[in-house]
Amino acid sequence: MEYEIHTECRECDGYGIREHQIAVDETKESDCAECDGSGLVMHREEFDSEADAKADYPESFIRGTKWTPAEAGKRADMIASELGFLR
């Protein structure tokens, strides 16, 4: 199954902001171009299970790219209740 792996950005150390020195005693902050200011970089990779993905990336946020039927049902119920279709 394919998983999204969200890891801490190496360019900004997960802060989402980088400092640029523009003069000897002056710096300017800007959003990190690598992670677009989020502090996380995402890539996709195939694994046999979520446990295998977590073993390779223990410090990362991991989620499957395809919903299981149970997850899809929960999401559908949540949307229906927000729209007032479930009581």
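None of these values were measured; they are calculated from a predicted model.
Rounding to the nearest 0.5 Å gives a distance of 10.5 Å between CZ of F61 and OG1 of T7. For the atom pair E2 CD and E46 CD, the distance stands at 5.5 Å (nearest 0.5 Å).
Shown here are the salt bridge (charged side-chain N to carboxylate O under 4.0 Å, His left out) partners of K54, two or more places apart in sequence or in another chain: E50.
Listed by first and then second residue, the side chain to side chain donor-acceptor pair (under 3.5 Å) pairs involving residues 8-28 are H20-S30 (not counting sequence neighbours).
Atom CD of E59 is surrounded by 12 or fewer heavy atoms from other residues, nucleotides or ligands within 6.0 Å.
Under the 4.5 Å side-chain criterion, counting only non-hydrogen atoms from C-beta, Y3 is not in contact with D52. Under the 4.5 Å side-chain criterion, counting only non-hydrogen atoms from C-beta, F47 is in contact with D56.
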Name the atoms and distances for all side-chain donor-acceptor pairs under 3.5 Å in residues 35-43, with sequence neighbours left out.
from: S38; atom 1: OG; to: C35; atom 2: O; distance (Å): 2.9
from: S38; atom 1: OG; to: L40; atom 2: N; distance (Å): 3.2
from: S38; atom 1: OG; to: L40; atom 2: O; distance (Å): 3.1
from: H43; atom 1: NE2; to: E45; atom 2: OE1; distance (Å): 3.2
from: H43; atom 1: NE2; to: Y57; atom 2: OH; distance (Å): 3.4

